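Nothing fancy with the numbering, it's 1 onward along the sequence. If you're wondering where the values come from, they're calculated on a predicted model, not measured in any experiment.
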Amino acid sequence: MGKSPKLIQSIERSAALLEIIAQQGGGARLKDLATISGLGKTTAHNILQTLEYLGYVHRRPGDMRYHLGGRILNLARIVGDDHLLRDRIRPVLEIIAQESEATVYLGVPSGDETAYLDIVDLEEPNIAASRLMSREKLEGSAVGLVFLAFVPGLGQRVLTTRSNALNDATLAEIENVRIKGYALDLEAYHPGINAVAIPLRESGEVRASIAVAGPAQNFPRHRLIRLAWIMMKHVERANIQ
């Protein structure tokens, strides 16, 4: 029998709490987590605070339970995509594409990158289809800025793989996105292309981002800002339905 590895207790405990949350249907109270795991409430609370800061668990407004966070799903997306999300949002993307006459993207965070689940281009649908599941870095793009602004712990994840990725200018952009609720890309990621992106939330948590992109001369800043509010209305209407 091989020698047992030396285990790190804090990681064992963190994994146990995540598994218990999953076994409890995706949400559990601190008291129950401490009881089932056999940990003291203070120890369990401290671990959960760390997991929450990193985005592996989260608490919803008015709900005292800890839920599995978006970062768990993001890691899973490294080897797959979310067909249900894509199918549900596809009609919204098509409406936005028709009204904006631009290319519309549905992106999700995947590790420390953005993956595109769907792209709607009414004029060149074949080209759009060929770019599906393409990946790009988070920093710089409008979609990436949305995730960095609203997905807990994602900035720390980026810094572990690209230590100089988030300079002062990018951090200022991220804060601006938090305040305004949308992200602009004015030829920063692709020369000649402007874009705007908004968050797509489920149960208060950002799960994806919708972006509109097109030639800079056709999509100046003021038009992109107007499109952001139109996109938000369409998403809100879809969530109500």
Side-chain angles (χ1 to χ4, degrees), residues 55 70-71 73-74 77-78 81-82 85-86 89 92-93 96-97 100 102-121 124 127-201 206-221 223-232 235:
R71 196 161 177 190
L73 299 174
N74 298 345
R77 287 191 180 107
I78 293 175
D81 64 13
D82 193 334
L85 176 64
R86 183 180 61 195
I89 300 300
V92 177
L93 303 185
I96 294 172
S100 65
T103 304
V104 183
Y105 298 81
L106 175 65
V108 292
S110 179
D112 60 353
E113 298 177 312
T114 294
Y116 289 102
L117 297 184
D118 205 356
I119 303 174
V120 178
D121 188 325
E124 299 181 322
I127 294 177
S130 70
R131 302 201 303 269
L132 282 178
M133 291 310 297
S134 61
R135 297 176 184 274
E136 62 185 23
K137 294 179 180 178
L138 292 169
E139 59 272 19
S141 72
V143 169
L145 290 172
V146 165
F147 295 142
L148 288 168
F150 296 114
V151 178
L154 200 52
Q156 286 75 22
R157 168 63 178 168
V158 169
L159 289 175
T160 62
T161 56
R162 299 187 293 278
S163 59
N164 298 319
L166 305 182
N167 56 30
D168 290 343
T170 302
L171 292 174
E173 284 188 80
I174 293 170
E175 186 59 31
N176 198 36
V177 173
R178 289 195 186 102
I179 294 170
K180 294 184 176 180
Y182 60 83
L184 294 175
D185 170 8
L186 303 178
E187 300 189 68
Y189 209 82
H190 297 291
I193 300 296
N194 283 354
V196 62
I198 65 167
L200 178 65
R201 291 181 170 87
V206 172
R207 291 283 308 280
S209 175
I210 298 175
V212 163
Q217 65 269 22
N218 297 336
F219 293 89
R221 176 189 290 268
R223 185 181 180 192
L224 292 175
I225 293 173
R226 182 167 59 85
L227 283 172
W229 293 109
I230 291 173
M231 292 158 65
M232 290 178 190
V235 170

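Between I210 and V104, some side-chain heavy-atom pair lies under the 4.5 Å cut-off. Counting only heavy atoms from C-beta outward, the side chains of L200 and V92 never approach each other to under 4.5 Å. Residues I198 and V146 form no side-chain contact, since every pair of their non-hydrogen atoms from C-beta on lies 4.5 Å or further apart. The side-chain heavy atoms of V177 and F150, taken from C-beta on, include a pair separated by under 4.5 Å. Taking the side chain as every heavy atom from C-beta outward, L184 and I225 approach each other to under 4.5 Å.
Counted within 6.0 Å of CZ on R221, heavy atoms from surrounding residues, nucleotides or ligands total 12 or fewer; the atom is thus considered open. Annotation: N167, atom CG; neighbour count of heavy atoms from other residues, nucleotides and ligands within 6.0 Å is above 12.
Nearest heavy-atom pair across A213 and I193 is CB-CG2, 4.1 Å.
To the nearest 0.5 Å, atoms CG (L186) and CG (L224) are separated by 6.5 Å.
None of L145, L166, L148 except one satisfies the side chain to side chain contact (heavy atoms under 4.5 Å, CB included) rule with E173; the exception is L145.
Side-chain atoms of T114 never come within 3.5 Å of backbone atoms of V108 as a donor-acceptor pair (strictly under, hydrogens ignored).
Judged as a side-chain hydrogen bond (donor to acceptor under 3.5 Å, both in side chains), the pairs with a partner in residues 177-195 (not counting sequence neighbours) are, in order, E175-R178.
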